There are 4 protein chains.
Amino acid sequence: MVAAAQPAQGQGKRARTKAANRQAILEAARQVFARLGAEATTVRDIIRETDLAAGTFYNYFKSKEEVFEALADEGVRRFRPRLASIRENASSLQAYLLEAYSAYFDFLNEENEEAIRHGAPHAAMIGVRVDTPEMQAVFEEIRTDLEQVAKSTGLSLADSGYLTAAAIGIAREVGDHMLLRRPVDTRGATEFATQLFLHGAGALASKNNS
Amino acid sequence: MVAAAQPAQGQGKRARTKAANRQAILEAARQVFARLGAEATTVRDIIRETDLAAGTFYNYFKSKEEVFEALADEGVRRFRPRLASIRENASSLQAYLLEAYSAYFDFLNEENEEAIRHGAPHAAMIGVRVDTPEMQAVFEEIRTDLEQVAKSTGLSLADSGYLTAAAIGIAREVGDHMLLRRPVDTRGATEFATQLFLHGAGALASKNNS
Amino acid sequence: MVAAAQPAQGQGKRARTKAANRQAILEAARQVFARLGAEATTVRDIIRETDLAAGTFYNYFKSKEEVFEALADEGVRRFRPRLASIRENASSLQAYLLEAYSAYFDFLNEENEEAIRHGAPHAAMIGVRVDTPEMQAVFEEIRTDLEQVAKSTGLSLADSGYLTAAAIGIAREVGDHMLLRRPVDTRGATEFATQLFLHGAGALASKNNS
Amino acid sequence: MVAAAQPAQGQGKRARTKAANRQAILEAARQVFARLGAEATTVRDIIRETDLAAGTFYNYFKSKEEVFEALADEGVRRFRPRLASIRENASSLQAYLLEAYSAYFDFLNEENEEAIRHGAPHAAMIGVRVDTPEMQAVFEEIRTDLEQVAKSTGLSLADSGYLTAAAIGIAREVGDHMLLRRPVDTRGATEFATQLFLHGAGALASKNNS
DNA sequence: CATGAATGAGCATTCATTCAT
DNA sequence: GATGAATGAATGCTCATTCAT
């Protein structure tokens, strides 16, 4: 039993260290990407946030881009199950939208909170333009789903391409806007986005005017 | 007599050359920004697209950022009049949206066509992510207008911040999507965006289902 | 008569302009050298102080070094007569030293005052290390003279090389020091330098101790 | 057993290499400074004298100025003890001067010999204008000392500022001159400088005339 | 594997100099 | 001769990447 918990001790130690180093790099990269933007981040910036040596980086990743993709993969892996179950259980477009927007806004909020917690010294950037690799990947995932869901309903006939684009656009911009408010209200953003997408600004207005 | 007119020409030639060089740099920058993203672009990338020498860049601009701003200014200068008249003449939110979306999609299309016409050597990227400084500037202009228009109607009561964000998001994503289709149909995109924003996906769907 | 005063009118105008431009460049160079140091001065710095165009510089000088030398020549030309007469009229070493030190300290002071008058925006440098080309040239002139004078007296037997070096060293350092005091007292410096060189610190001390 | 001692060696080698590179850069800088003057020297000039790569320079120094200061520090560190003991043990001004001039001329000679030994490819400049950072630093050290010594004696009453300047000037110029002679005679220069400073040219002359 | 120093290509920028007008 | 824009070599410096230990 004990042995089973620590498979092949000596190797286990090494394996753990290896995994830990990889994780450390990813974690550092996540933070630095959020802080400086993926574009402006250098490999040096990443390893500096680590207790590892410069050369070690290349034992795990071939370049900054590979880290970027690894983060994206991680994000997707974390998010795909939720999306899959949403897609399967959605009884209506509205139901799907509510769940999907909610999932996205929650995810966005988590990423953002984490960025705020860990450093993020450039106060001006807090809450603005959280465009991590994970997020982008999740985004594409949703786009695909949404296109499928749209296609499987009468609504898609209108123009599933544009409809998906619009849904995505709403998520993106309303999501960014949401992060600027305190407290961050993912629920409110979700309802807004869903209502707007389904019934337009008119519906929202009349709701508030009455 | 003709000879007497010459001096002006000598000066004219110089002036023309200067203006031409400035334009060449701006044009090159516009393309490279579109291709690589403004962030990733280096001054060298820009002048390389030109038949000018490295140092010449600095006869016209102090830095990459100055080029960026010059492009943004140019875009705004070209676009602001249209926006102003739209804003003033809009009799309803629908009218404003139709005009504004139309103006934005036209502008986007123009930029895109120009990019295609002038080189754009990396064919793969044509029509994708046209995020030039001009566009960003025009964008902010619209956002401001829209917020004002929204504020001055009952609709704003709902949540002018989110509403504006949504309208922008729709424009952004539907616009990018529009450029991927052939022929590019700005009119269709305009109507789609306006309808969706005002009445939601439901309205569009029923229209097609009936 | 009138014609004689303006030899060949058209040419005269041109000649005057030519000379004036050359002078303007030299004057500008003198100032900038004093302000920034000859080493750090660029051709651009010089012509910027002028109303001439960049290219014009090269109609008069091949390089910054040539300006430097022209200034040195000018300094020597201005100074050589005084030195010559001093050398010829010196009835004793003491007489020569008094006159030569006086001439050097006066020259130094003039240069310095001019530098202060014209700009010299780096206040910290005022009065410090005035090491213009003219000065260096004058310096070498003196060195030669002094060596000759020393050689022609019994004193030189000691070691005319070292003696000259010492006289020069005293002039240099005491001169710089002199410029730091207000008011600048060339007479005092001259007497000090002469006394020290001839009779040593002992003589000076006893004079004050008594 | 021997193998067990190896780990230290691995580290030792690295450490040695690092120190060696730092020394190589300093050494190269010393030479190039002497050859071209500190002002005119570029970082590239320094590393070119080395078998290191351009970027390596910045592993050791942030800029040329930092090298300059490191050299100055080194010179002072090497020289300060000698000066301190001289100052403390000086029973008279003469004693102080003898020791101080001797120390300075020896130092100058060492620096010069080193420059000759290590390359100094521009033969024409050997022995001329040795104005390294170390020397400048040592110089200031002496100036301070001398001023104090002067101040603590009756001699200072004359004019300690000028006296110090004169002593320094003598050291500078006689020192440069000394290096031009073969063999280099620091002892002779020391005696000359001390005698001249204390008793003037008259004393030296009479000594030789008799 | 980890380390971290060395590498050298690449970038922004400056500046002496040339040359068409 | 005067002009001033164009030139491109040179400089300080950064950074991804390699490699001996």
Side-chain angles (χ1 to χ4, degrees), chain A residues 13-15 17-18 21 41-48 50-65, chain B residues 6-7 9-22 41-48 50-65, chain C residues 13-15 17-18 21 41-48 50-65, chain D residues 6-7 9-22 40-47 50-65:
Chain A
K13 176 74 187 309
R14 230 184 311 193
T17 304
K18 254 191 83 172
N21 282 349
T41 299
T42 72
V43 171
R44 271 168 141 76
D45 291 332
I46 297 173
I47 55 136
R48 196 178 300 132
T50 283
D51 59 350
L52 298 173
T56 305
F57 178 90
Y58 294 90
N59 289 340
Y60 295 96
F61 303 97
K62 244 204 305 275
S63 71
K64 189 179 68 178
E65 277 65 36
Chain B
Q6 286 301 54
Q9 211 210 24
Q11 201 194 51
K13 179 70 190 307
R14 240 206 298 262
R16 227 181 308 138
T17 303
K18 253 196 88 171
N21 282 347
R22 195 188 151 88
T41 298
T42 71
V43 171
R44 271 169 145 79
D45 290 333
I46 297 174
I47 54 139
R48 201 176 295 134
T50 284
D51 59 350
L52 299 173
T56 305
F57 177 89
Y58 295 92
N59 287 350
Y60 295 96
F61 302 97
K62 254 210 290 284
S63 70
K64 188 181 67 178
E65 276 66 36
Chain C
K13 174 77 185 309
R14 228 185 312 194
T17 304
K18 251 191 85 171
N21 283 348
T41 298
T42 72
V43 171
R44 272 168 143 77
D45 291 331
I46 297 173
I47 55 134
R48 197 178 301 133
T50 284
D51 59 351
L52 299 173
T56 305
F57 178 90
Y58 294 90
N59 289 341
Y60 296 97
F61 302 96
K62 247 208 300 279
S63 70
K64 189 179 66 177
E65 276 65 36
Chain D
Q6 285 303 51
Q9 212 211 24
Q11 202 194 53
K13 178 72 188 307
R14 243 208 294 266
R16 228 181 307 139
T17 303
K18 255 196 89 171
N21 282 346
R22 196 189 150 88
T41 299
T42 72
V43 171
R44 273 168 147 81
D45 290 333
I46 297 174
I47 54 142
T50 283
D51 59 350
L52 299 173
T56 304
F57 177 89
Y58 295 93
N59 288 349
Y60 295 96
F61 302 97
K62 255 211 288 284
S63 70
K64 189 180 65 178
E65 276 66 35

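Naming convention: chains lettered A, B, ... in sequence-line order (proteins, then strands); numbering from 1 in each chain. Quick caveat, the model's predicted, so the values are computed rather than measured.
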Closer than 4.0 Å, any side-chain N/O of Asn21(C) to the OP1 or OP2 of dG1(F)? no

dist Asn59(B):CG -> Lys18(B):NZ (nearest 0.5 Å) comes out at 8.0 Å

Distance in angstrom units between Ile47(D) CD1 and dC13(F) P, rounded: 12 Å

For the residue pair Phe61(A) and Val43(A), establish whether any side-chain heavy-atom pair is separated by less than 4.5 Å. no

Toss me the dot-bracket line for DNA chain F: Watson-Crick and G-U wobble, both under 3.5 Å, 5' to 3', using | for pairs to another strand and [ ] for crossers. .||||||||||||||||||||

Grab the N/O contacts between the protein and nucleotides 15-18 of chain E below 3.5 Å, and write none if there aren't any.
| unit_1 | atom_1 | unit_2 | atom_2 | d |
| --- | --- | --- | --- | --- |
| dA16(E) | OP1 | Val43(C) | N | 3.0 |
| dA16(E) | OP2 | Val43(C) | N | 3.2 |
| dA16(E) | OP2 | Arg44(C) | N | 3.3 |
| dA16(E) | N7 | Arg44(C) | NH1 | 3.1 |
| dA16(E) | N6 | Arg44(C) | NH1 | 3.4 |
| dT17(E) | OP2 | Tyr58(C) | OH | 3.2 |

Is there a side-chain contact between Ile46(B) and Thr41(B) in this structure, where contact means two heavy atoms from C-beta onward sitting under 4.5 Å apart? yes

Please round to the nearest 0.5 Å and tell me the distance separating atom OG1 of Thr56(A) and atom CD1 of Ile47(A). 8.5 Å

Taking any heavy-atom pair under 4.0 Å as a contact, classify Tyr60(D): base, sugar-phosphate, or nothing. sugar-phosphate

Can you name the residues that form a side chain to side chain contact (heavy atoms under 4.5 Å, CB included) with Arg44(B), not counting sequence neighbours? Thr42(B), Arg48(B)

Return the value, rounded to whole Å, for the distance between atom NZ of Lys18(B) and atom C1' of dA20(E). 16 Å

